[in-house]
Amino acid sequence: MKKKMLCLLLACGLPVLAGCDQNSGSEQATDEIVSATQDVFAMDTYMTVTAYGEAAEEAVSAAITEIERLNALLTATDNTGEVYAVNQNGGGTLSEDGMYLLERSLEFYGSTEGAFNVAIFPIMAAWGFIDDHFGVPTEEELNGALELIDIGNISVDEEASSVTLKKEGMAIDFGGIAKGYTSSNVIRILETYGIENAVVNLGGNVQVLGTKPDGSFWRVGIINPFNPDTGIGVVEVADCAVITSGGYERYFVQDGVNYHHIIDPSTGYPANNGLVSVTIVSSDGTLADALSTSLFVMGVDNAISFLEKNSELFDAILITEDGEISVTEGLAENFTCEQSFSIIKTP
Ligand code: ADP
Ligand code: MG
């Protein structure tokens, strides 16, 4: 599986170009700033939390505990939590985290006109992304799976904090949103320990708290989708999430064709709408994760009109299959890249 290999490389590499000389444990830097770093494998990827400040070690431990809690709770594939149980039983109660994610997912379904579909699980299964038995499904299999992703068949009872999946075989998949939610939660936890400078790297999805301890912006590398072991640019940020969806992250090849894990719910096929990488930069990690997946599905034209309508919520970096890079106005000054890029003007 490509993804794990890639993330190994990233664990101390590309996404955050500062602080990657950190190892597990805490240390007293020469300038007296205490820092701590810890790695964990969760949500099918390598994650690293680094914090600076007096309580760094305790804060990072609490962050890792939170990652492990959410990993167990939100997985659709391991029998450890509520999402798995809901999928097995056609419904059930959800925790505050589960309800929040479901409700936001349903909102994103509306705002992205169906590009973000939290019921995508049966399609993921049909392509073999759930059990790693990859293969192009037959038309019959795909049509059967498409019948199971109708969001209208998800009914939520807010008061009872429960969900019902009305059709047998339906299943929830938080894979497109859970990591962004996790990084947001981790940042909140670090803050409760008085941490003001931190970086959370969830397999290439990065969220930063404050600036680097020296006051300069964090430098987050954007992977080159045409050569994922290398970078294509760097974005300098403070206090926000930088989350990328790319077809290179998880895929299989059959008969010379590359099939990746971001599905266009209107066809049931891997999205093939001209974009090869979408990065969303936002203070809301959950939104950044959901929209990186969604804009990838929408394709360049629809993504740009979505950006124009929602520019107050986030910035973006889009890379097309022709290698063209577009960056929203709000990010242009903070993005550096060896090749030229165009600027998406937003109102
Ligand atoms: P990654 O998690 O690999 O960084 P994404 O955030 O784009 O990348 O999430 C991809 C995951 O999202 C898939 O593995 C699947 O679980 C889920 N997914 C795929 N297509 C969609 C879709 N159209 N809407 C919502 N979730 C999706
Ligand atoms: Mg996503």
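Only a predicted model underlies this, so the values are computations on that prediction, with no experimental measurement involved. Read the numbers this way: they start at 1 and go in the same order the structure lists the ligands and their atoms.
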Applying side-chain contact (heavy atoms from CB on, under 4.5 Å), can you list everything that pairs with E68, at least two apart in sequence or on another chain? V40, I64
So if I count the atoms of ligand 1 from 1 in the order they appear, which ones are less than 4.0 Å from some heavy atom of E249? 1 (P), 3 (O), 4 (O), 8 (O)
Under 4.0 Å from one or more heavy atoms of N205, ligand 1 contributes atoms 4 (O)
As a quick check of understanding, evaluate side-chain hydrogen bond (donor to acceptor under 3.5 Å, both in side chains) for E236 and N334, giving each step before the final call. CA-CA 5 Å; E236 294 188 72; N334 296 334; over 6 Å; no
Proximal atoms of ligand 1 relative to M124 (non-hydrogen, under 4.0 Å): 13 (C), 14 (O), 15 (C), 19 (C)
Across all chains, not counting sequence neighbours, the side-chain contact (heavy atoms from CB on, under 4.5 Å) partners of L148 are P122, K167, M170
Output yes when the distance from some N or O of ligand 1 to some N or O of I263 is under 3.5 Å, and no in every other case. yes
Mark up the atoms of ligand 1 that fall under 4.0 Å of a heavy atom belonging to N117, in ascending order. 22 (C), 24 (N), 25 (C), 26 (N)
Whether the T80 and D78 side chains hold a donor-acceptor pair (N or O, under 3.5 Å, no angle test) is what I'd like checked. no
Using a strict cut-off of less than 4.0 Å between a Lys/Arg side-chain nitrogen and an Asp/Glu carboxylate oxygen, indicate whether R104 and D284 qualify as a salt bridge. yes
With nothing but distance in play, are any N or O atoms of G176 less than 3.5 Å from an N or O of ligand 1? yes
Which residues and atoms, counting only protein N, O or S, are under 2.8 Å from the Mg ion (ligand 2)? G176 O, D289 O, D289 OD1, T293 OG1
Quick one: which ligand 1 atoms are inside 4.0 Å of a heavy atom on A115? 22 (C), 23 (N), 24 (N)
If the threshold is 4.0 Å, N to carboxylate O, is there a salt bridge linking R188 and E191? no
Out of D44, I120, L202, who gets a non-hydrogen atom closest to atom 18 (N) of ligand 1? I120
Co-membership, hydrophobic cluster, residues I243 and L70, 4.5 Å side-chain: no
Out of A288, S245, A271, G180, whose heavy atom is nearest to atom 7 (O) of ligand 1? S245
Charged N to carboxylate O under 4.0 angstrom, R250 versus D132? yes
Which atoms from ligand 1 have a heavy atom of D289 less than 4.0 Å away? 6 (O)
Residue pairs passing the salt bridge (charged side-chain N to carboxylate O under 4.0 Å, His left out) test with at least one member in residues 138-160, sequence neighbours excluded, are none
Check: H261 ring centre within less than 6.0 Å of F252 ring centre: no
Min heavy-atom dist R250 to ligand 1 below 4.0 Å: no
Below 4.0 angstrom from a heavy atom of P265, which ligand 1 atoms are there? Numbered from 1 as shown, please. 23 (N)
Step through the shown structure and confirm whether more than 12 heavy atoms of other residues, nucleotides or ligands are within 6.0 Å of CD on Q254. yes
With ring centroids as reference points, do F41 and Y46 lie under 6.0 angstrom apart? yes
